[in-house]
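Along the sequence shown, the residues carry numbers beginning at 1.
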Amino acid sequence: MLDEAHLGDIEGALGRIRLGDELRSGWRRRLITFLAIIGPGLIVMVGDNDAGGVATYAQAGQNYGYSMLWVLLLLIPVLIVNQEMVVRLGAVTGVGHARLINERFGRFWGWFSVGDLFLLNFLTIVTEFIGVSLAMSYFGVSPYISVPIAAALLIVITTSGSFRRWERAMFLFIGASLLLFVPLIFGVHPAVGSVAYHFVVPGVQGGVSSDAVLLIIAIVGTTVAPWQLFFQQSNVIDKRITPRFIRYERADTLLGSFVVVLGASVILIATVYAVSGTKLVGKFYSALGVANAFGAKSGFLGAVFALTLLDASIIGAAAVTLSTSYAFGDVFNMKHSLHRKFRDAKAFYASYSALVLVAAAIVLLPDAPLGLLTTAVQALAGVLLPSASVFLLLLCNDPEVLGPWMNKRWLNVVAAIIIGVLLMLSGTLVVTTLFSGLSSAAVAIWLAVALVAGAGLAFGWLKFIQVRHGTVTGAGQVRAAFDAMTPEMRMNWRMPPLTLLKPVAWSPATKLGILLLRGYLVISVLLLVVKAVQLGGG
């Protein structure tokens with residue numbers, strides 16, 4: 001059940017919707033409503049272009065030219081599909097992602113999923129402060145000054161006890177990032193024809209190698225990160241968005257997905273300009289090296305790139321840390337809302353502050369492999385994403401949880417294809433790490449064939465079991481009952497209290513599939529560490 005902090009007026013950075021205002025109509029009212037709703041989708045997407053994102057996109061441009069632009073374009077539907085599902089979960093259930101997993105699938109799977117999140121998020125927050133350190137180093141500012149100041153700023157912004165003040169601060173940083181993209185777009189004179197070609201024609205400059213696959217996984221991991229699922233669902237709840245406003249939040253998410261890919265593309269394209277004609281081509285070290293490459297050609301563009309990195313680091317740190325604190329509150333059933341004052345949610349704000357301070361302290365350790373850590377963390381996010389997506393898909397097909405807002409069949413097909421592609425990428429990395437002599441392209445093709453065949457067999461077996469046990473008719477009746485609801489009934493439908501829901505009945509095949517996925521991901525993570533160490537030693 002929602003507590004008092006999650007009930008009441010919607011207080012957005014660009015407007016307020018008072019209780020009862022949602023019943024009004026007209027284009028002016030719709031525009032005012034959209035401006036008030038916009039926030040969770042835009043912030044979660046722009047937060048993806050964080051320090052790790054800037055470094056990863058810059059590495060793609062420096063090492064592979066324009067040839068990986070197509071990866072960014074393909075990520076738009078992935079972003080929209082994944083985040084639209086958590087929008088519905090947040091608005092309809094009023095329960096955070098971590099708690100839903102914990103309650104519906106048991107403590108074992110809940111802690112396994114949230115454990116992944118805590119580890120990955122903490123490492124990601126470290127990379128954000130790496131970004132702050134590198135960005136300010138370009139201007140000659142010591143990390144011992146810039147990192148503590150950034151940490152203090154993040155804590156002050158978030159612990160103010162006002163959702164609106166926090167969202168306005170995020171919008172200020174987002175506006176700054178969009179302004180910084182302008183000189184990067186018009187100051188680098190890209191080869192427009194080549195850019196357009198590589199957006200639509202897949203390929204990798206120099207051929208598909210295990211290093212290239214690692215970087216593609218890193219691009220996926222930094223653009224479609226697991227923390228997004230937990231952040232946006234909890235932020236939608238915290239903003240008091242209900243099913244009546246789902247279409248506006250979908251528009252917010254759609255806008256954010258295009259903004260994040262636009263920003264990523266600008267960074268990649270601009271980096272090609274920065275290193276072209278120099279010995280730096282194919283030799284990425286860190287985002288600071290890219291800023292210096294810009295500075296060698298134009299001091300102004302060098303400063304712009306460094307400020308872009310700084311701004312991205314602060315937005316990313318704020319969003320990822322808040323995502324972790326939201327999940328922390330979900331798991332331990334503590335008060336967690338930006339509407340609450342510090343005295344009313346001490347554990348929530350204390351966990352946020354502790355994460356920020358510890359991550360900042362780690363960055364200040366001498367001789368830390370900052371550049372290697374940044375790339376490895378983004379790749380780790382890409383490897384763990386299929387697991388997070390599987391639980392998301394299961395929740396969105398749970399009639400007890402979403403009722404008439406459950407996934408449509410076509411959406412399940414699209415989501416399954418996305419999960420399959422993610423598994424293919426991480427599987428290619430695993431195989432080519434174990435057997436370095438194999439062709440990455442050939443391995444990817446064979447894995448794709450195996451996944452398609454496996455999916456076909458699994459689908460056939462599922463249909464056979466459903467027909468044998470007579471579950472097809474039951475499932476069809478449930479969907480038919482929900483489809484018969486009027487629009488007004490759908491808008492008013494909310495998930496009942498968790499304690500009243502029927503428990504999830506997992507078939508032996510589903511349990512086996514989840515266990516196999518987990519085992520595979522553990523192996524993938526271990527081999528990812530091996531690959532990262534190999535790159536560091538090289």
Nearest heavy atoms of [X] and [Y], plus distance in Å:
| X | Y | value |
| --- | --- | --- |
| Ile418 | Pro77 | CD1-O, 4.5 Å |
| Arg490 | Trp405 | O-NE1, 3.0 Å |
| Ala176 | Asp311 | CB-OD1, 3.7 Å |
| Ile10 | Ala36 | CG2-O, 4.3 Å |
| Val259 | Val46 | CG1-CG2, 3.9 Å |
| Arg88 | Asn407 | NH2-OD1, 2.7 Å |

Is a side-chain donor or acceptor of [X] paired with a backbone partner of [Y] at a separation under 3.5 angstrom?
| X | Y | answer |
| --- | --- | --- |
| Asp252 | Leu42 | yes |
| Thr324 | Val320 | yes |
| Asn121 | Trp227 | no |
| Arg340 | Ala345 | no |
| Asp398 | Glu400 | yes |
| Glu167 | Gly12 | no |
| Thr127 | Ile130 | no |
| Asn492 | Glu488 | yes |
| Asn397 | Leu393 | yes |
| Lys239 | Ser234 | no |

Can you find a heavy atom in the side chain of [X] that is under 4.5 Å from one in the side chain of [Y]?
| X | Y | result |
| --- | --- | --- |
| Ile315 | Asp50 | no |
| Val78 | Val220 | no |
| Asp9 | Ile17 | no |
| Asn49 | Val54 | no |
| Pro243 | Trp493 | no |
| Leu100 | Gln233 | yes |
| Lys335 | Lys346 | no |
| Phe129 | Ile362 | no |

Discussion item. Checking His339 against Arg240 for the side chain to side chain contact (heavy atoms under 4.5 Å, CB included) test, could you report, in this order, the C-alpha distance in whole Å, the side-chain angles of both residues, the deciding distance, and whether it holds?
Written reply: CA-CA 10 Å; His339 289 287; Arg240 302 164 176 169; 3.5 Å; yes
Discussion item. Thr159 vs Ser353, test: side chain to side chain contact (heavy atoms under 4.5 Å, CB included). Steps then yes/no.
Written reply: CA-CA 9 Å; Thr159 59; Ser353 303; 4.2 Å; yes
Worksheet entry | Test side chain to side chain contact (heavy atoms under 4.5 Å, CB included) applied to Phe258 and Leu79, step by step | CA-CA 9 Å; Phe258 282 97; Leu79 286 165; over 6 Å; no
Point-to-point distance, once rounded to the nearest 0.5 Å, from [atom1] of [X] to [atom2] of [Y]:
| X | Y | atom1 | atom2 | result |
| --- | --- | --- | --- | --- |
| Ser351 | Leu322 | OG | CG | 9.0 Å |
| Glu84 | Arg250 | CD | CZ | 4.5 Å |
| Phe34 | Phe245 | CZ | CZ | 14.0 Å |
| Leu392 | Ile419 | CG | CD1 | 8.0 Å |
| Thr242 | Glu249 | OG1 | CD | 11.5 Å |
| Thr93 | Arg99 | OG1 | CZ | 10.0 Å |

Item to complete: Show the numbers, then the answer: is there a side chain to side chain contact (heavy atoms under 4.5 Å, CB included) between Val44 and Asp48?
Response: CA-CA 7 Å; Val44 75; Asp48 269 342; 5.9 Å; no
Worksheet item: Do the two ring centres, one from Phe230 and one from Tyr326, sit under 6.0 Å apart?
Response: no
Item to complete: Decide if the gap between the ring center of Tyr352 and the ring center of Phe348 is smaller than 6.0 angstrom.
Response: no
Fill in: Residues Glu11, Arg164: salt bridge by 4.0 Å N-O rule
no
Quick one: do the [X] and [Y] side chains pair a donor with an acceptor below 3.5 Å?
| X | Y | result |
| --- | --- | --- |
| Thr321 | Glu128 | no |
| Asp330 | Asn102 | no |
| Gln228 | Asn82 | no |

Item to complete: Please work out which of the three classes, parallel, tilted or perpendicular, describes the rings of Phe231 and Trp166, given edges at 30° and 60°.
Response: tilted
Item to complete: Fit a plane to each ring of Phe328 and Phe332, take the angle between them on a 0 to 90° scale, and name the class: parallel (under 30°), tilted (30 to 60°) or perpendicular (over 60°).
Response: tilted
